[in-house]
Structure formats: structure tokens, C-alpha cells
Participant: 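I have a structure I would like to understand better, so I am pasting it below and will then ask my questions one at a time.
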Amino acid sequence: MSLAAQDAVDVRYMARALELARKGLYSTHPNPRVGCVIVRDGQVVGEGWHARAGEPHAEVHALRQAGERARGATAYVTLEPCSHHGRTPPCAEALVGAGLARVVAAMQDPNPQVAGRGLLLLAEAGIAVHSGVLEAEARELNAGFIKRMEHGLPLVRIKLAMSLDGRTAMASGESQWITGPAARAEVQRLRARSSVVLSGADTVLADAARLTVRPDELGLNAELTALAVTRPPLRVLVDGRLRVPLDAPFYQAGAALVATCAAAAARDRFLEEGHELLAVPGSNGHVDLRKLLAELAARGANEVLVEAGPRLAGAFARLGLVDEYRLFVAPKLLGSSARPLLELPLARMAEAQDLRICDIRAVGDDWQITAVPQRPY
């Protein structure tokens with residue numbers, strides 16, 4: 001087979017492995033989303049994907065399906081096979097034991113415990129290894145995991161709903177509903193894929209927000225819905241002065257983490273209600289957001305979805321902590337007295353934050369814009 005033909009074959013099967021990996025979009029955190037395809041003599045003999053932390057990895061599922069047909073075959077994996085003992089045995093060793101002839105990885109694992117060791121183990125066992133096939137797609141799928149491994153911070157995605165004139169609520173604070181049901185269902189899926197859903201006291205008080213994942217609004221098949229609801233995101237409230245009362249709907253919806261600058265004396269009261277109070281150093285009653293994100297990453301958070309008002313969302317933007325904006329734009333005009341999208345006081349055009357628009361699509365009667373800052377994280 002010519003090199004060009006082999007490259008085309010590799011791309012074809014890696015695309016299928018990525019398709020499988022995306023099935024774990026709502027359930028694998030803190031682990032990465034990984035898919036695997038095993039091919040022998042031009043036929044797929046095994047497929048697998050990772051569903052939950054602590055359960056078998058994608059390679060193990062694919063090897064079980066392939067059985068003896070794995071010997072002499074090629075495995076296509078969206079992430080370098082692990083080489084260390086964690087909650088499951090090393091996948092690289094399983095591939096060696098199954099007698100694979102070749103392993104193709106989309107990308108090297110950014111986890112320092114692996115970081116090339118898996119591919120080296122395979123090569124030392126006489127298996128032909130190749131990496132970098134559809135790497136950009138693989139990195140996009142696990143951008144949060146990669147950022148946590150490389151920078152010690154989660155990927156921060158800010159969701160904002162606005163009118164055509166860039167307003168998020170009336171002057172009174174009334175904001176339900178700017179967007180329609182299709183956009184709200186998309187937000188439910190954003191919540192479900194996130195490790196953390198984070199908001200501030202202003203939003204929780206004004207909207208009686210719960211920030212839960214509602215299964216009936218996800219619009220997913222039964223298998224993915226079941227996975228999503230069994231691993232719901234951690235709900236985090238940024239409440240520097242503990243303004244939200246414990247009988248608020250947010251707290252009644254289940255256990256939550258509260259980041260605050262308030263005295264630790266209140267911790268026992270929150271613990272009695274099933275919540276965790278996290279003291280985060282800050283100034284003037286405002287939580288240090290970078291320190292909070294570092295703490296969430298240390299707890300295994302890959303992706304944080306921020307659903308907050310203009311003050312907290314603006315604070316994330318001013319500090320350069322936003323990796324992605326999801327803007328839902330409704331065909332409405334709320335007027336000049338309505339509240340702005342972000343509190344981002346800028347005096348000169350040179351201070352403007354440049355964004356790159358990655359995607360624009362219709363969502364029901366609304367539009368969804370995905371944009372990222374013009375800087376690497």
C-alpha cells in the first residue's frame with residue numbers, strides 16, 4: 001500500500017474512533033473522551049469507547065470485542081494508550097498482550113504520568129506506532145482535559161443569552177426568557193458535558209436559578225441521557241459575602257460547592273445542609289477567580305460552564321480566564337435601559353478584546369455563536 005493510501009486509511013478509521021469517543025461527551029470527566037477501533041485485513045473487528053471513570057477504557061472494550069482477531073491487527077486510538085496503573089490497568093500493556101501489529105494514536109497524552117511512555121512501551125514491544133492522525137480534532141474533543149494537564153486550570157466556557165442589541169435582561173433584572181426552547185435545550189447539553197456549572201449570587205438571587213441538568217430537555221438518546229444524569233456537573237456558587245440564603249432554590253436542588261471570602265465560621269452550617277463551603281482568598285469580598293479555577297482543576301474539573309450575570313462574567317473576561325464564549329442571540333430588542341452583556345469598562349479602542357468566531361448556527365428561532373479569544377491559553 002502506498003504512503004498516501006495508508007494515510008487515507010488511517011484518517012478513515014481514526015474518524016470512526018473519534019465518533020465513538022464523542023459518545024463519552026457527557027460522562028467521562030475527569031477522564032478524557034477516548035474511542036478505539038481495531039482493524040484487521042481491512043475489516044473492523046473491534047470497537048470501544050470510554051464511558052465513565054473507573055470503568056474499562058476504550059482499548060479494553062475494543063479488544064474484548066475483537067478477541068483473537070486482534071492479533072496482527074491495527075488499533076486506532078484517539079489518545080495515546082495509558083502506561084500507568086490507575087483505577088484500571090495500563091491499556092498499552094493490554095495491546096501488547098493481544099498481539100497488535102500496529103497502533104495509531106491521534107495524539108500524545110498530555111498527562112505527565114503517560115506523556116509518550118505508552119507509545120514507547122508499544123514500540124519497545126515491537127509494535128509499529130504512529131501518532132498525529134486527526135490530532136486537531138482529538139485535541140478539540142478533550143480541550144478541557146488538555147488544559148488541566150498542561151496548565152493546571154480547566155477550560156472556561158461562558159454561556160450568555162442576549163437580544164440583538166446585546167442586552168441580557170431588563171433594567172429590573174427580568175430575563176426569562178430571552179431565548180426559545182431549542183436554545184435552552186442546547187444549554188442543557190452544555191451543562192451536561194461540563195465538570196462544573198458555575199454562577200454568582202446575583203444570578204441565583206434574581207432568577208431563582210438551580211443550574212441543574214434536566215433530562216427531559218437534553219434531546220439525547222436514552223443511552224447518553226442515562227450517562228449524563230448519572231454524572232451530573234458539580235454546581236458551584238461564587239458568593240463572596242454569603243448573600244444567598246440556604247433556603248434558596250439553588251441549595252434545595254442538591255449538594256453544591258460555595259466559594260466565598262466569608263469567615264469559615266459558617267462552614268458547619270453549610271455542611272449540615274449537605275453543601276461544601278470553600279474559603280477562597282480575595283479582596284473587597286470578591287473571590288479570587290484564578291485561585292478558584294485552580295482548586296476546581298485540582299479536583300479534576302476539565303470544563304467549567306459559567307452561567308452568570310454581567311458582573312461575574314465580566315470579571316472572568318477582564319482577568320483573561322475565558323477560553324470560549326457561547327452566545328445565544330434572540331431576535332428581540334430590549335432597549336437601551338436594559339442590562340449589558342458584560343461589565344467590561346473599556347475606554348479606548350485599543351483595549352477591545354478581539355475574538356475569533358468559530359461557528360454560527362441557527363438554534364430554533366435563535367442563533368448560537370461560538371467565539372474564542374485571540375490568544376492561546
Side-chain angles (χ1 to χ4, degrees), residues 19 22-27 33 140-141 143-144 155-199 203-204 206-229 232-233 235 249-250 253 303-310 312-313 316-317 322-342 355-372:
E19 183 180 351
R22 291 186 186 97
K23 290 188 174 185
L25 190 66
Y26 305 101
S27 59
R33 299 139 182 159
E140 181 181 5
L141 180 62
L155 179 142
V156 175
R157 179 180 289 116
I158 288 191
K159 166 260 169 184
L160 297 163
M162 68 178 189
S163 59
L164 275 177
D165 52 349
R167 303 294 173 163
T168 61
M170 304 306 293
S172 64
E174 180 188 358
S175 63
Q176 295 179 333
W177 296 99
I178 291 178
T179 55
R184 296 198 294 273
E186 182 64 25
V187 172
Q188 286 294 309
R189 290 188 286 274
L190 287 175
R191 288 182 185 178
R193 69 172 290 172
S194 303
S195 307
V196 168
V197 178
L198 181 151
S199 192
T203 296
V204 167
D207 297 342
R210 296 173 179 265
L211 301 180
T212 54
V213 173
R214 297 186 286 274
D216 57 328
E217 295 183 25
L218 284 171
L220 302 173
N221 63 39
E223 180 185 26
L224 295 184
T225 298
L227 286 170
V229 299
R235 298 178 309 124
F250 176 82
E303 299 180 15
V304 172
L305 177 65
V306 177
E307 295 190 51
L312 183 55
F316 274 100
V322 183
D323 297 291
E324 178 183 298
Y325 292 92
R326 288 291 182 98
L327 305 173
F328 292 89
V329 184
K332 293 182 174 72
L333 299 174
L334 299 189
S336 58
S337 63
R339 297 185 179 183
L341 188 68
L342 300 169
L355 304 177
R356 176 172 61 86
I357 295 177
C358 305
D359 184 71
I360 301 177
R361 67 183 62 194
V363 183
D365 293 330
D366 307 307
W367 288 89
Q368 178 185 204
I369 301 173
T370 302
V372 298

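Remember, it's a predicted structure, so these values are computed and weren't measured experimentally. Position 1 is the first residue of the sequence; numbering continues from there.
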Participant: Determine, step by step, whether Phe316 and Val304 satisfy the side-chain contact (heavy atoms from CB on, under 4.5 Å) criterion, reporting the C-alpha distance in whole Å, the side-chain angles of both residues, the deciding distance to 0.1 Å, and the verdict.
Facilitator: CA-CA 12 Å; Phe316 274 100; Val304 172; 5.9 Å; no

Participant: When you compare the side chain of Tyr26 with that of Arg189, does any pair of heavy atoms fall below 4.5 Å?
Facilitator: yes

Participant: What are the two closest non-hydrogen atoms of Ile357 and Ile360, and how far apart are they?
Facilitator: CG2-CG1, 3.7 Å

Participant: Applying side-chain contact (heavy atoms from CB on, under 4.5 Å) between Phe250 and each of Asp207, Thr203, Val204, report the one that passes.
Facilitator: Val204

Participant: Which residues pass the side chain to side chain donor-acceptor pair (under 3.5 Å) test with Gln188, not counting sequence neighbours?
Facilitator: none

Participant: Mind checking whether Val372 and Asp323 have side chains closer than 4.5 Å, heavy atoms only?
Facilitator: no

Participant: Going by heavy atoms in the side chains, are Met162 and Leu160 under 4.5 Å from each other?
Facilitator: no

Participant: Is Arg326 reaching over with its side chain to a backbone N or O of Gln368, donor-acceptor style, under 3.5 angstrom?
Facilitator: no

Participant: Checking Glu140 now: which residues fulfil side chain to side chain donor-acceptor pair (under 3.5 Å) with it, not counting sequence neighbours?
Facilitator: none

Participant: Taking the side chain as every heavy atom from C-beta outward, state whether Arg191 and Arg214 have any pair of such atoms under 4.5 Å apart.
Facilitator: yes

Participant: Look up atom CG in Leu198 and atom CD1 in Ile158, then write down how far apart they are to the nearest 0.5 Å.
Facilitator: 9.5 Å

Participant: Only counting residues at least two apart or in another chain, list the ones meeting side chain to side chain donor-acceptor pair (under 3.5 Å) with Arg356.
Facilitator: none

Participant: The test is side-chain contact (heavy atoms from CB on, under 4.5 Å); show your working for Glu186 and Arg361 and say whether it passes.
Facilitator: CA-CA 12 Å; Glu186 182 64 25; Arg361 67 183 62 194; over 6 Å; no

Participant: Give a yes or no on whether the backbone of Leu333 and the side-chain of Asp165 come within a donor-acceptor separation of less than 3.5 Å.
Facilitator: no

Participant: Measuring from atom SG of Cys358 to atom CD1 of Ile369, what distance do you get when rounded to the nearest 0.5 angstrom?
Facilitator: 11.5 Å

Participant: Less than 4.5 Å apart, side chain to side chain, heavy atoms only: is that true for Val213 and Pro233?
Facilitator: yes

Participant: To check you understand the geometry: which heavy-atom pair defines the closest contact between Arg33 and Gly24, and what is its length?
Facilitator: CG-O, 3.5 Å

Participant: Step by step, work out the salt bridge (charged side-chain N to carboxylate O under 4.0 Å, His left out) result for Arg157 and Glu303.
Facilitator: CA-CA 7 Å; Arg157 179 180 289 116; Glu303 299 180 15; 3.0 Å; yes

Participant: Under a 4.5 Å cut-off applied to non-hydrogen side-chain atoms, are Leu341 and Leu327 in contact?
Facilitator: yes

Participant: Please answer whether the main-chain N or O of Gly180 pairs with a side-chain N or O of Asp366 as donor and acceptor at a distance below 3.5 Å.
Facilitator: yes

Participant: Compare every heavy atom of Ala317 with every heavy atom of Tyr325, then report the nearest pair and how far apart it is.
Facilitator: OH-CB, 3.4 Å

Participant: Could you tell me which non-hydrogen atom of Ala143 sits nearest to which non-hydrogen atom of Leu155, and how far apart they are?
Facilitator: CB-CD1, 3.7 Å

Participant: Would you call Leu224 and Leu25 a side-chain contact if the rule is heavy atoms closer than 4.5 Å?
Facilitator: no

Participant: I'd like to know whether Glu307 forms a side-chain contact (heavy atoms from CB on, under 4.5 Å) with Val197, so could you lay out the CA-CA distance, the side-chain angles of the two residues, the decisive distance to 0.1 Å, and finally the verdict.
Facilitator: CA-CA 7 Å; Glu307 295 190 51; Val197 178; 3.8 Å; yes

Participant: What pair of heavy atoms forms the shortest contact from Ser199 to Leu312, and how long is it?
Facilitator: C-CD2, 3.8 Å

Participant: Restricting to non-hydrogen atoms, name the atom on Ala330 and the atom on Ile178 that form the minimum distance, rounded to 0.1 Å.
Facilitator: CB-O, 3.2 Å

